[in-house]
Each structure stands twice: as C-alpha cells, then as structure tokens.
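As the structure is a prediction and not an experimental result, all values here were calculated from the model.
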Amino acid sequence: MNEVKIKNSVLEQAAHEGMDAFVGVFVKAIYDHIGGSLTLETMSRLNADQITLLAWDILHQEVMDGGYVQLIHNGYGPFIFKNPFAKAVREWGLDDLCRHIHKANKLYNVHHEEIEQDCTDDEFMALFERMPKFDDLDDEFVDKEETWTAQIAHYVDDNIENFADITKE
C-alpha cells in the first residue's frame with residue numbers, strides 16, 4: 001500500500017483541467033507526503049517512480065523558468081545528471097527525453113563547475129552569453145515540453161499505483 005494519498009475527486013478535477021494539472025496533483029501529493037522538501041532522508045520514503053516524477057518536476061520548472069544554466073546554477077545538476085533519471089524516463093517510454101538529457105549531460109560535464117560558482121546577478125546573466133550551446137537545449141525542451149508532459153501523464157495514469165493510492169474521500 002502506498003503512503004501517498006490523493007482523493008478521487010481531486011484527481012478527477014485535475015484530469016478535466018489537463019495534463020499539467022493531472023501531473024501536478026501527483027507532484028503535490030508526493031511533496032506533501034515528504035513534508036515539502038526532497039532530501040536524502042525524505043527520498044528514502046519514496047519509490048523510484050515517485051522520485052523520477054519529482055525529478056521531472058524540478059527539471060521542468062527550472063528549464064522553463066531559466067533554462068539549463070539556471071537548473072545547474074541552482075544546484076540541481078547532480079540530481080538530474082548524476083542519478084539514473086535519463087534511464088528512468090527511457091523506461092517510462094520517453095526515449096526522446098532520455099536523448100535530450102544525455103545531450104544536456106554532455107554540456108553539464110564540461111561547464112558545471114563554472115556555472116555552479118557563487119556569483120552576482122550580472123555574472124549569472126553573463127553565463128548565458130558565454131554558453132550559447134545551452135540555448136539550443138532550452139529551445140528544444142520548450143518545443144517538446146508539452147509532448148513530454150503528455151507522455152508522463154499517460155505513464156502516471158497507466159501506473160497510478162506506483163505514485164499514490166486514490167481514496168474515495
């Protein structure tokens with residue numbers, strides 16, 4: 001039995017609102033279950049699918065907000081690139097996202113030390129100018145984000161028991 005719970009009525013409402021809302025209900029329920037913070041300790045209370053979904057959420061939020069440079073600067077690079085996230089999404093059937101992550105990983109390996117340094121806002125903004133190769137990946141992510149979110153929503157829907165128990169009320 002899964003410790004993450006979602007009310008059926010909440011899930012039905014989210015499903016009517018669309019794939020982002022549907023995925024968001026699961027992300028919120030998982031975060032609620034672990035007290036709102038993903039740490040080594042709280043990760044131990046989650047299964048691989050739940051962790052992968054939270055990794056997707058972090059990737060999605062960071063890249064849509066400020067691209068891969070922001071994701072790496074904010075300290076999420078190791079979580080995305082040094083864990084089996086790409087392998088997990090490939091196992092979910094998202095081969096294209098897996099390939100995309102591998103391309104981003106190559107740039108991460110080359111540039112992460114510079115991007116991860118503490119810096120002023122101006123220095124941070126200059127990183128984008130110095131690393132234009134990330135722009136292509138950011139653009140690709142934005143172009144394919146809707147498709148990937150739909151694929152993730154379908155995977156979650158087909159494997160709900162891996163993410164949460166749905167309760168009557």
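Looking at heavy atoms from C-beta onward, Phe79 lies out of side-chain contact with Leu71 at the 4.5 angstrom threshold. Side chains of Met131 and Ile115 form a contact here, defined as non-hydrogen atoms less than 4.5 Å apart. Using a 4.5 Å cut-off on side-chain heavy atoms (C-beta onward), Ile166 and Ile160 make contact. Annotation: side chain of Glu62 is in contact with side chain of Ile58 (closest heavy-atom distance under 4.5 Å). Side-chain contact between Leu46 and Leu38 is present, with at least one heavy-atom pair separated by less than 4.5 Å. Counting heavy atoms from C-beta outward, Ile101 and Phe81 have side chains that approach closer than 4.5 Å. Put simply, the side chain of Gln70 does not reach to within 4.5 Å of the side chain of Tyr76, judged on heavy atoms. Put simply, the side chain of Lys82 reaches to within 4.5 Å of the side chain of Tyr108, judged on heavy atoms.
In this structure, Asp20 and Glu145 approach most closely via the heavy-atom pair OD1-OE2, 3.9 Å. Across all their heavy atoms, Val69 and Phe124 have their closest contact at CG1-CE1, 4.1 Å. Minimum interatomic distance between Ala55 and Phe85 (heavy atoms only, all atoms of both residues): CB-CD1, 3.5 Å. In this structure, Ile6 and Ala29 approach most closely via the heavy-atom pair CG1-CB, 3.5 Å. For the pair Asp138 and Tyr68, the tightest heavy-atom approach, listed with the atom from each and the gap, is OD1-N, 2.9 Å. Between His112 and Asn109, the closest heavy-atom pair is CD2-O, 3.7 Å.
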Are Arg45 and His33 close enough, and set up right, to give a side-chain contact (heavy atoms from CB on, under 4.5 Å), and what steps lead you there? CA-CA 9 Å; Arg45 296 171 39 201; His33 171 66; 3.9 Å; yes
Is there a side-chain contact (heavy atoms from CB on, under 4.5 Å) between Lys103 and Glu140 once you walk through the steps? CA-CA 11 Å; Lys103 286 190 282 186; Glu140 180 182 4; 3.0 Å; yes
Show your working on side-chain contact (heavy atoms from CB on, under 4.5 Å) between Leu127 and Phe134 and close with a plain yes or no. CA-CA 10 Å; Leu127 290 172; Phe134 282 106; over 6 Å; no
Please test Glu17 against Gln13 for side chain to side chain donor-acceptor pair (under 3.5 Å), starting from the C-alpha separation and ending with a verdict. CA-CA 6 Å; Glu17 292 174 18; Gln13 177 63 35; 2.9 Å; yes
Is there a side chain to side chain donor-acceptor pair (under 3.5 Å) between Thr147 and Gln151? Walk through the geometry before answering. CA-CA 6 Å; Thr147 298; Gln151 291 172 325; over 6 Å; no
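At distances below 3.5 Å, not a single donor-acceptor pair connects side-chain atoms of Thr52 with backbone N or O atoms of Ala88. In this structure a side-chain-to-backbone donor-acceptor pair under 3.5 Å is present from Asn159 to Tyr155. With hydrogens and angles disregarded, no donor-acceptor distance shorter than 3.5 Å links the side chain of Glu129 to the backbone of Met125. Between the side chain of Gln50 and the backbone N or O of Phe163, at least one donor-acceptor pair lies under 3.5 Å. A donor-acceptor contact shorter than 3.5 Å is absent between the side chain of Arg90 and the backbone of Leu97.
Put simply, Phe128 and Val110 are part of two different groups of oily side chains (I, L, V, M, F, W, Y) that touch within less than 4.5 Å, one to the next. Cluster annotation: Met19 is not connected to Met64 through the hydrophobic network of ILVMFWY side chains, with a link wherever side-chain heavy atoms come within less than 4.5 Å. If you chain together hydrophobic residues whose side chains sit under 4.5 Å apart, Leu53 and Trp148 fall into the same group.
Atom NZ of Lys28 has 12 or fewer neighbouring heavy atoms from other residues, nucleotides or ligands inside a 6.0 Å radius. Counting non-hydrogen atoms of neighbouring residues, nucleotides and ligands closer than 6.0 angstrom, the CD atom of Glu41 reaches no more than 12 such neighbours. Heavy-atom neighbours of Glu114 CD from other residues, nucleotides or ligands within 6.0 Å: above the threshold of 12. The environment of CG in Asp121 is sparse: at most 12 heavy-atom neighbours from other residues, nucleotides or ligands sit within 6.0 Å.
Checked by atom type, the side-chain pair His73/Glu116 shows no donor-acceptor distance below 3.5 Å.
Tested against Ile30, the residues Leu54, Asp49, Val25 include a single side-chain contact (heavy atoms from CB on, under 4.5 Å) partner, Leu54.
The CG atom of Asp65 sits 11.0 Å away from atom NE2 of His60, with the distance rounded to the nearest 0.5 Å.
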